[in-house]
Amino acid sequence: MTRGPMPSLSSSALARRVARLVPPLEVSSPHPLSAIRMIRHPSSNEPRSDAMREWQRRREQVQEMHHKFWAGNNADFIASKTSFEQKILESTGAPADASDLSRFYREYLDGARDRHRAYRRAWNRENFGMLGVALRAYADVAGRVAVEVVESAGAQLRQVDRSIHHAITKLSSRPSSSLYRAHGVSVR
């Protein structure tokens, strides 16, 4: 059985359908202390699945954890650096140079190693934990888009069927003399 070409759905039409189901994210400028660009998840007028709502909730939690860690870490770093620079200025009478700051940074990182390691483990655990929820959410979106594509293709096929039926009806209502006859062929 040979099949004709399926009605096509342009990539822009597909993108519009997906965008309607997965609203775009809005990204802020970097936070002054944490330097994190916060993501705002706008609400959608479209009904969303439980998986999509759960995934958004988890993403917001991880973002808040990420923001709090880096805001605290950066505040601690700035306070420690300021204190270090003040000590250098008091002891030498000159501002800290690159060598002093390099030593400070190494000491700071050594002191913060366990805190950074714990954060990285928690962040990885949360992100990997979201993978299953994200896959379910996108499978739901893909399923909904597929249903819409099939319904759209069905509507296009019904329209083609109506057009063909109309053309056949129009041709069959004409008198036989108006039909094209090839030379040497008789119509019986």
Side-chain angles (χ1 to χ4, degrees), residues 9-146 148-149:
L9 184 65
S10 71
S11 60
S12 61
L14 185 59
R16 282 191 304 274
R17 288 173 192 219
V18 171
R20 194 182 77 246
L21 296 172
V22 182
L25 301 175
E26 296 176 4
V27 181
S28 73
S29 56
H31 186 273
L33 189 55
S34 70
I36 301 300
R37 291 180 171 270
M38 302 299 281
I39 297 172
R40 188 168 76 81
H41 301 268
S43 60
S44 170
N45 295 334
E46 292 291 320
R48 295 186 335 203
S49 68
D50 291 340
M52 187 62 80
R53 279 190 292 279
E54 173 66 12
W55 184 47
Q56 180 175 331
R57 185 187 65 75
R58 297 272 304 265
R59 288 178 69 193
E60 289 168 352
Q61 286 176 338
V62 169
Q63 174 179 264
E64 188 60 29
M65 178 192 83
H66 189 58
H67 170 68
K68 283 180 181 177
F69 173 82
W70 286 109
N73 183 77
N74 292 349
D76 180 53
F77 177 82
I78 291 167
S80 297
K81 182 178 174 224
T82 303
S83 173
F84 177 81
E85 288 174 327
Q86 187 64 34
K87 286 178 188 174
I88 294 293
L89 184 60
E90 289 172 1
S91 68
T92 65
D97 61 9
S99 173
D100 294 330
L101 291 175
S102 177
R103 187 170 38 90
F104 160 75
Y105 192 58
R106 171 53 41 208
E107 290 170 5
Y108 179 81
L109 288 179
D110 288 345
R113 181 176 324 233
D114 292 339
R115 187 176 72 237
H116 281 220
R117 185 175 290 135
Y119 161 74
R120 191 174 56 247
R121 284 184 182 141
W123 190 72
N124 284 335
R125 183 175 45 252
E126 290 296 323
N127 278 306
F128 282 114
M130 279 193 298
L131 286 177
V133 178
L135 289 173
R136 284 194 306 275
Y138 273 96
D140 179 61
V141 168
R144 290 173 67 186
V145 168
E148 287 184 12
V149 167

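Both backbone and side-chain heavy atoms feed into the values below; hydrogens, waters and symmetry mates do not. Here the structure is a predicted model, which means the values were calculated and not measured.
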Applying side-chain contact (heavy atoms from CB on, under 4.5 Å), run through Arg113 and His116 and close with a yes or a no.
CA-CA 5 Å; Arg113 181 176 324 233; His116 281 220; 5.9 Å; no

Show the numbers, then the answer: is there a side-chain contact (heavy atoms from CB on, under 4.5 Å) between Ser99 and Arg103?
CA-CA 6 Å; Ser99 173; Arg103 187 170 38 90; 5.9 Å; no

What do the steps show when you test Met38 against Glu64 for side-chain contact (heavy atoms from CB on, under 4.5 Å), and what is the final call?
CA-CA 9 Å; Met38 302 299 281; Glu64 188 60 29; 4.2 Å; yes

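Arg59 and Gln63 form no side-chain donor-acceptor contact under 3.5 Å, judged by distance and modelled atom types alone.
Counting all heavy atoms, side chain and backbone alike, Ile88 lies closest to Thr92 at O-OG1, 2.7 Å. The heavy-atom pair separating His67 from Ser34 by the smallest distance is ND1-OG, 2.8 Å. In plain terms, the two heavy atoms of Met130 and Trp55 that are nearest each other are O-CD1, 4.0 Å. Looking at every heavy atom in both residues, Trp70 comes nearest to Ile36 through CD1-CD1, 4.1 Å. Between Leu33 and Asn74, the shortest heavy-atom distance links the atoms O-ND2, 2.8 Å.
To the nearest 0.5 Å, the span separating CZ on Arg120 from CZ on Arg115 amounts to 12.5 Å. A distance of 10.0 Å separates CD in Gln61 from CE in Met65, rounded to the nearest 0.5 Å.
Using a 4.0 Å cut-off between charged side-chain N and carboxylate O, Lys87 and Glu90 make no salt bridge. Using a cut-off of 4.0 Å between Lys/Arg side-chain N and Asp/Glu carboxylate O, Arg136 and Asp140 are scored as not salt-bridged.
When atom types are taken as modelled, the side chain of Ser102 and the backbone of Ala98 share no donor-acceptor pair closer than 3.5 angstrom. For the pair Asn73 (side chain) and Phe69 (backbone), a donor-acceptor distance under 3.5 Å is absent.
When the side-chain contact (heavy atoms from CB on, under 4.5 Å) test is applied to Lys81, the partners found at least two apart in sequence or on another chain are Phe77, Glu85, Leu101, Phe104.
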